[in-house]
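Heads up, the thing below is written out as structure tokens.
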Amino acid sequence: MTDATTSLEPVTIALVRHGETDWNVERRIQGRTDIPLNETGRRQAAQVGAELAESTWDAVYASPLSRAAETAELISGALGVPVQGHVDALAERSYGVLEGLDHAGRTAVEAQAATIEGLETRSAVIERSSAALAEIAAAHPGGRVVVVSHGGVIHSLILHLSDWTLPGAGYTVTNGSVHLVTATADGLELAEPELLTGTEG
């Protein structure tokens, strides 16, 4: 964590994966490629907003990629609280030359290349996203904040915060899923590690 959290009152963070895109349906790797929500994704975002509106939230933040930014706007409207920022460090993991490929294409490239050009390391994703969440938490001591990000980022954070025990093999962080994280002066922790909602086999 950063120095900004040294005296932090606990902050609840709802990590939301953006709604569905056409590339999600086609199982293509998006990474930093800016693919918009489809209509299913917009419905998912509205549903998440309605569910989150059963509790009180203080602010919404998002990745600047349009699929996350639009999800955040739809959630913000349901909650009646503003989107206070689009944070570059919450953007999806860069997959470099893999972006645009389906999973078969990815497997073929990885089988032929010792290194993948432009692929961001998972440790770098964890470092930048953790620092971003710490800064957001520091701005809302004792508060409750919604953060809309991406599957690769959220999956990496779950692995890191669970000491690489969750989510299990074969699980994915689904579009519109919500995972609760608590930020304290000691760092980030999964609020309910045994109840990670929004993961499926």
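Other residues, nucleotides and ligands place no more than 12 heavy atoms under 6.0 Å from the CD atom of E127. Within 6.0 Å of CD on E117 lie no more than 12 heavy atoms contributed by other residues, nucleotides or ligands.
V11 places a side-chain heavy atom less than 4.5 Å from the side chain of I13. The shortest distance between side-chain heavy atoms of L133 and L15 falls below 4.5 Å. Looking only at side-chain heavy atoms (C-beta outward), W57 and L52 come within less than 4.5 Å of each other. In this structure the side chain of H179 never reaches within 4.5 angstrom of the side chain of R17, judged on heavy atoms. By the 4.5 Å heavy-atom criterion applied to side chains, L190 and V181 are counted as neighbours.
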Please tabulate, one pair per line, all N/O donor-acceptor pairs under 3.5 Å involving side-chain atoms of residues 42-50, not counting sequence neighbours.
{"residue": "R42", "atom": "NE", "partner": "E70", "partner atom": "OE2", "Å": "2.6"}
{"residue": "R42", "atom": "NH1", "partner": "L37", "partner atom": "O", "Å": "3.4"}
{"residue": "R42", "atom": "NH1", "partner": "E39", "partner atom": "OE2", "Å": "2.7"}
{"residue": "R42", "atom": "NH2", "partner": "L37", "partner atom": "O", "Å": "3.3"}
{"residue": "R43", "atom": "NH2", "partner": "T40", "partner atom": "OG1", "Å": "3.1"}
{"residue": "Q44", "atom": "OE1", "partner": "E20", "partner atom": "N", "Å": "2.8"}
{"residue": "Q47", "atom": "NE2", "partner": "E51", "partner atom": "OE2", "Å": "3.2"}

Under 3.5 Å donor-acceptor pairs involving side-chain atoms of residues 85-92, not counting sequence neighbours:
{"residue": "E92", "atom": "OE1", "partner": "G152", "partner atom": "N", "Å": "3.3"}
{"residue": "E92", "atom": "OE1", "partner": "V153", "partner atom": "N", "Å": "3.3"}
{"residue": "E92", "atom": "OE2", "partner": "G152", "partner atom": "N", "Å": "3.0"}

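Looking only at distances, a side-chain donor or acceptor of S129 sits under 3.5 Å from a matching main-chain atom of V125. The closest donor-acceptor contact from the side chain of D34 to the backbone of L65 lies at 3.5 Å or more, if one exists at all. T172 places no side-chain N or O within 3.5 Å of a backbone atom of T174 that could act as its donor or acceptor partner. S94 places no side-chain N or O within 3.5 Å of a backbone atom of L119 that could act as its donor or acceptor partner. For the pair R144 (side chain) and T56 (backbone), a donor-acceptor distance under 3.5 Å is present.
Across every non-hydrogen atom of N38 and G41, the tightest pair is OD1-N, 2.8 Å. A pairwise comparison of heavy atoms in L157 and S130 identifies CD2-OG, 3.5 Å as the closest pair. Residue R67 comes nearest to G31 through the heavy atom pair NH2-O, 2.7 Å, listed as atom of the first residue, atom of the second, then distance. Heavy-atom minimum distance, V83 versus A72: CG2-O, 3.7 Å.
Each of V146, V147, I154 was checked for a side chain to side chain contact (heavy atoms under 4.5 Å, CB included) with V16, and the lone residue meeting it is V146. Screening R93, H18, E99 for a side chain to side chain contact (heavy atoms under 4.5 Å, CB included) with Q30, the sole residue that qualifies is H18.
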Item to check | Derivation of the side chain to side chain contact (heavy atoms under 4.5 Å, CB included) call for L188 and T182 | outcome: CA-CA 6 Å; L188 299 171; T182 302; over 6 Å; no

Checklist entry - When you look at W23 and T33, which way does the side chain to side chain contact (heavy atoms under 4.5 Å, CB included) test go after all the steps? => result CA-CA 10 Å; W23 276 23; T33 306; 3.9 Å; yes

Next on the checklist: Run the side-chain hydrogen bond (donor to acceptor under 3.5 Å, both in side chains) test on H150 and S63 for me, step by step, so that the C-alpha distance in whole Å, both residues' side-chain angles and the decisive distance to 0.1 Å come before the verdict.
Outcome noted: CA-CA 8 Å; H150 302 266; S63 153; 2.8 Å; yes

Next on the checklist: Show, in sequence, the C-alpha distance, side-chain angles and deciding distance for Y61 and V145, and conclude whether the side chain to side chain contact (heavy atoms under 4.5 Å, CB included) test is met.
Outcome noted: CA-CA 8 Å; Y61 289 82; V145 181; 3.6 Å; yes

Next on the checklist: side chain to side chain contact (heavy atoms under 4.5 Å, CB included) for R32 and E120? Distances and angles first, verdict last.
Outcome noted: CA-CA 11 Å; R32 297 296 181 88; E120 185 179 12; 3.7 Å; yes

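Taken from CD1 in I126 to OG1 in T121, the straight-line distance is 8.5 Å, to the nearest 0.5 Å. Note that CG of N24 is 9.0 Å distant from CG of D22, once rounded to the nearest 0.5 Å. The line from CD1 of I29 to CG of L98 is 5.0 Å long, rounded to the nearest 0.5 Å. For the atom pair CG (L74) and CG (L79), the distance works out to 11.0 Å, reported to the nearest 0.5 Å. Atom NE2 of H140 is separated from atom CD of E135 by 11.5 Å, given to the nearest 0.5 angstrom.
Every residue meeting the side-chain contact (heavy atoms from CB on, under 4.5 Å) condition with H155, not counting sequence neighbours, appears here in chain and number order: R122, L159, P167, V173.
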